[in-house]
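Okay, so here's the structure we're looking at.
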Amino acid sequence: MPVLLGVGEGHADQAVRALAAGAAACVARPYRVPELLPFIQASSPEPRKVLTVGGVELDVHAHQVRVGGRAVHLPLREFELLQYLMRNADRTVTREQIMRHVWHAAANTSTNTIAVHVKRLRARLGDEDDQLIQTVRGVGYRLVTPGNSEKPA
């Protein structure tokens with residue numbers, strides 16, 4: 001935890017000792033909020049980014065996935081695919097969008113890479129009846145939040 005120390009005028013020796021002992025910074029009193037805020041914001045830890053759709057939780061920073069509280073190991077591409085689908089929950093994403101955002105490549109219509117990865121992802125998530133990740137024929141895929149009963153055409 002970063003330490004920010006406030007020191008009064010004429011106490012430079014305290015500031016030197018504090019910095020030598022590991023303080024992140026020293027600020028002069030009386031405090032001026034506009035000068036103090038950047039120190040506080042810079043030292044605040046980044047909040048954990050956890051995406052949740054139904055019983056699926058994806059921790060972006062820890063690269064962990066849980067389904068119904070159970071840890072599920074996903075290879076990197078499947079993790080990235082799930083993350084992309086979760087960020088676009090209830091929206092149909094095209095194969096071209098998936099190829100661009102997950103594989104960082106131009107669309108290649110002659111490959112079934114995406115279909116294979118979606119199939120493996122469904123199996124790992126326990127989505128046997130394709131209710132979580134729906135195929136939108138001729139377009140792409142949609143990750144559906146529970147309660148959204150909209151069926152693909």
Side-chain angles (χ1 to χ4, degrees), residues 1-6 18-28 31-153:
M1 174 66 76
V3 174
L4 180 62
L5 182 69
L19 291 168
C26 292
V27 292
Y31 308 120
R32 284 176 251 163
V33 175
E35 294 172 8
L36 199 56
L37 280 176
F39 285 113
I40 294 170
Q41 291 169 340
S43 64
S44 297
E46 186 177 330
R48 286 189 85 96
K49 181 91 175 194
V50 178
L51 303 174
T52 304
V53 175
V56 180
E57 292 180 0
L58 184 141
D59 187 326
V60 175
H61 298 294
H63 280 264
Q64 293 178 335
V65 175
R66 297 182 102 44
V67 177
R70 168 183 62 87
V72 175
H73 171 73
L74 295 180
L76 182 59
R77 284 285 189 225
E78 289 174 31
F79 180 89
E80 291 173 342
L81 176 59
L82 179 61
Q83 180 179 351
Y84 184 70
L85 291 171
M86 290 179 81
R87 288 184 190 276
N88 292 283
D90 295 319
R91 286 186 265 179
T92 300
V93 292
T94 66
R95 288 174 183 83
E96 290 79 15
Q97 289 171 316
I98 293 171
M99 190 60 84
R100 187 173 48 248
H101 291 281
V102 176
W103 274 265
H104 309 289
N108 184 353
T109 55
S110 66
T111 181
N112 68 347
T113 300
I114 295 171
V116 169
H117 279 77
V118 168
K119 181 179 179 177
R120 290 180 183 161
L121 181 58
R122 284 175 173 152
R124 292 182 206 278
L125 298 177
D127 185 24
E128 296 86 18
D129 54 359
D130 301 352
Q131 292 302 304
L132 179 64
I133 302 174
Q134 295 179 344
T135 301
V136 180
R137 299 222 182 271
V139 180
Y141 298 92
R142 176 175 46 237
L143 186 130
V144 180
T145 56
N148 187 351
S149 59
E150 188 176 327
K151 297 284 184 187

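In this chain, residues are counted from 1 in sequence order. What's counted below: heavy atoms across the whole structure, side chains too, no hydrogens, waters or symmetry copies.
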Modelled atom types, side-chain donor and acceptor of Arg95 and Thr113, under 3.5 Å: no

Ion pair check, Asp130 and Arg122, cut-off under 4.0 Å: yes

Single hit among Val118, Leu143, Ile133 for side-chain contact (heavy atoms from CB on, under 4.5 Å) with Leu81: Val118

Test ring pair (Phe, Tyr, Trp, His ring centres under 6.0 Å) applied to Phe79 and His117, His63, His73, the passing residue: His63

Polar side-chain atom of Asn112 near backbone of Val116 as donor-acceptor pair, under 3.5 Å: no

Leu74 side, atom CG; Arg120 side, atom CZ - distance, nearest 0.5 Å: 12.5 Å

Nearest atoms (heavy-atom pairs only) where Gln131 meets Val144: O-CB, 3.9 Å

Backbone N/O of Val50 and side chain of Asp59: donor-acceptor pair under 3.5 Å: no

From CG (Asp127) to CG (Leu121), nearest 0.5 Å: 8.5 Å

Trace of the side chain to side chain contact (heavy atoms under 4.5 Å, CB included) decision for Val65 with Glu57: CA-CA 6 Å; Val65 175; Glu57 292 180 0; over 6 Å; no

Audit row: Leu51, Val53, side chain to side chain contact (heavy atoms under 4.5 Å, CB included) steps and yes/no: CA-CA 7 Å; Leu51 303 174; Val53 175; 5.9 Å; no

Validation row: Val56, Leu82 side chains within 4.5 angstrom (heavy atoms): yes

Ring geometry between His101 and Tyr84 (parallel below 30°, tilted from 30 to 60°, perpendicular above 60°): parallel

Backbone N/O of Arg142 and side chain of Asp90: donor-acceptor pair under 3.5 Å: no

Val93 vs Val136, side chain to side chain contact (heavy atoms under 4.5 Å, CB included): CA-CA, chis, key distance, verdict: CA-CA 9 Å; Val93 292; Val136 180; over 6 Å; no

Salt bridge (Lys or Arg N to Asp or Glu O under 4.0 Å) pairs, two or more places apart, involving residues 76-87: Arg77-Glu80, Glu78-Arg124

Separation between OG1 of Thr135 and OH of Tyr141, rounded to the nearest 0.5 Å: 5.0 Å

